[in-house]
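Start at 1 with the first residue, then count along the sequence.
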Amino acid sequence: MDMGLSVCAVSISFIFSDILTPLPAFGVPFDIEEVRGPVIQSPIHSEKGLKALHPIDLDKLHFVGESLKILRREVGGHAAVLGFVGAPWTIATYIVEGGTTRTYTTIKSMCHTAPHVLRALLSHLTRAISDYIIFQVESGAHCIQIFDSWGGQLPPDMWERWSRPYIEERMKGTGVDVIGLDWTVDMEDGRKRLGKEISVQGNVDPAYLFSPLPALTEEIQRVVKCAGQRGHILNLGHGVLVGTPEEAVAHFFEVARSLKFDTRFQEQAVEGSKLVV
């Protein structure tokens with residue numbers, strides 16, 4: 001927190017709390033193994049497995065609330081405090097697969113072989129995550145970011161059926177304010193598809209922080225140009241990668257603070273986009 005607030009003078013701050021943190025609080029214990037990462041010993045594949053679930057016990061997550069309160073006091077009015085959670089589908093992938101996976105075959109098969117079980121699991125997760133969101137806001141978070149990290153593993157039609165409804169059901173039924181785009185999405189195209197009413201966040205490739213600083217500067221400027229004049233939160237397209245040089249992170253913020261968007265900047269973006277084949 002000290003590096004982020006004191007050196008980089010960030011406008012948004014958060015305490016990292018893994019998206020799996022709340023699982024034990026509603027009946028899904030897990031271990032973290034050095035090589036495999038998160039491991040759930042009893043994956044849920046059936047109605048019998050669903051019986052282990054219970055309403056979220058927020059007392060077991062008191063450390064998250066206490067951390068948010070401390071951070072809120074520390075930053076005062078100088079930065080916004082973000083809370084964050086995993087989307088129901090993304091959380092479900094871990095619970096069904098028993099941990100991380102590259103194929104998602106078990107949960108994708110459940111969409112057809114045991115859809116009633118998967119729907120019940122997703123509904124339970126939606127309620128638990130909704131309560132967890134409220135808990136974070138009451139503890140000091142100004143806003144909440146929902147990570148559907150593995151939603152991109154679904155074809156668009158399946159995402160509409162198995163992820164989107166559970167995000168909207170209780171958490172964001174009135175529509176989101178900002179949509180984060182990762183670096184695999186063209187910022188200019190994403191803007192056009194989302195429309196002017198939705199703000200965007202992103203989407204510099206985190207790998208650019210390993211590049212020479214002039215290359216990083218050029219990429220930041222390109223993303224800002226493509227995002228347009230308003231409704232853009234400049235950020236990476238994903239988290240900071242392990243081993244990222246701190247000087248590159250500091251440089252990212254220095255460049256961001258130095259940018260002044262004007263009509264000429266926008267015109268350059270339009271001209272630049274015409275050169276892309």
Side-chain angles (χ1 to χ4, degrees), residues 14-33 36-70 82-101 104-141 143-151 153-154 158-159 161-174:
F14 66 90
I15 292 177
F16 178 77
S17 177
D18 194 275
I19 59 173
L20 301 185
T21 297
L23 267 61
F26 55 79
V28 185
F30 67 94
D31 299 311
I32 299 291
E33 297 186 0
R36 295 176 60 192
V39 176
I40 295 171
Q41 299 294 346
S42 301
I44 294 177
H45 302 147
S46 65
E47 292 180 3
K48 181 180 179 180
L50 292 172
K51 294 179 180 179
L53 301 176
H54 56 73
I56 191 168
D57 182 355
L58 295 172
D59 288 340
K60 293 183 177 180
L61 298 167
H62 64 90
F63 57 92
V64 175
E66 291 168 3
S67 298
L68 283 168
K69 290 175 183 177
I70 292 171
L82 250 65
F84 66 100
V85 298
W89 168 265
T90 288
I91 298 296
T93 64
Y94 292 95
I95 296 175
V96 171
E97 300 284 349
T100 57
T101 177
Y104 303 89
T105 52
T106 304
I107 191 168
K108 287 184 177 182
S109 296
M110 280 185 69
C111 294
H112 309 288
T113 60
H116 61 294
V117 174
L118 186 54
R119 289 192 189 100
L121 173 60
L122 290 168
S123 293
H124 186 92
L125 292 175
T126 300
R127 290 189 294 271
I129 294 168
S130 297
D131 290 342
Y132 189 39
I133 287 174
I134 294 171
F135 171 71
Q136 291 189 45
V137 172
E138 291 177 344
S139 297
C143 55
I144 300 292
Q145 186 166 2
I146 302 171
F147 286 83
D148 197 7
S149 304
W150 310 128
Q153 297 295 324
L154 290 169
M158 289 188 70
W159 185 84
R161 280 183 286 162
W162 293 103
S163 184
R164 180 175 180 173
Y166 298 95
I167 294 175
E168 294 182 339
E169 182 181 329
R170 288 168 64 99
M171 292 183 280
K172 287 289 182 179
T174 58

Should the pair Phe84 and Phe147 be assigned to parallel (<30°), tilted (30 to 60°) or perpendicular (>60°) ring geometry? perpendicular
May I ask you to check whether over 12 heavy atoms, not counting those of Glu47, lie within 6.0 Å of atom CD? no
If you count the non-hydrogen atoms of other residues, nucleotides and ligands that lie under 6.0 Å from CZ in Arg36, is the total more than 12? no
Enter the distance from His45:NE2 to Ile95:CD1 here, rounded to the nearest 0.5 Å. 10.5 Å
Quick one, Asp148 with Trp159, criterion side chain to side chain contact (heavy atoms under 4.5 Å, CB included). Give me CA distance, side-chain angles, the key distance, then yes/no. CA-CA 10 Å; Asp148 197 7; Trp159 185 84; 2.9 Å; yes
Check whether any side-chain N or O of Trp89 sits under 3.5 Å from a backbone N or O of Trp150 as a donor-acceptor pair, and report yes or no. yes
Closer than 3.5 angstrom, by distance alone: can the side chain of Ser123 be matched with the main-chain N or O of Ala120 as a donor-acceptor pair? no
Under 3.5 Å donor-acceptor, Thr106 side chain and Val96 backbone: no
Please report the closest heavy-atom contact between Ile19 and Val85, naming both atoms and the distance. CG2-C, 4.0 Å
Any sub-3.5 Å donor-acceptor pair from Thr90's side-chain atoms to Gly86's backbone N or O? no
Between the OG1 atom in Thr93 and the CG atom in Leu154, the distance rounded to the nearest 0.5 Å is 9.5 Å
Taken to the nearest 0.5 Å, the spacing of Phe63 CZ from Leu61 CG works out to 5.5 Å
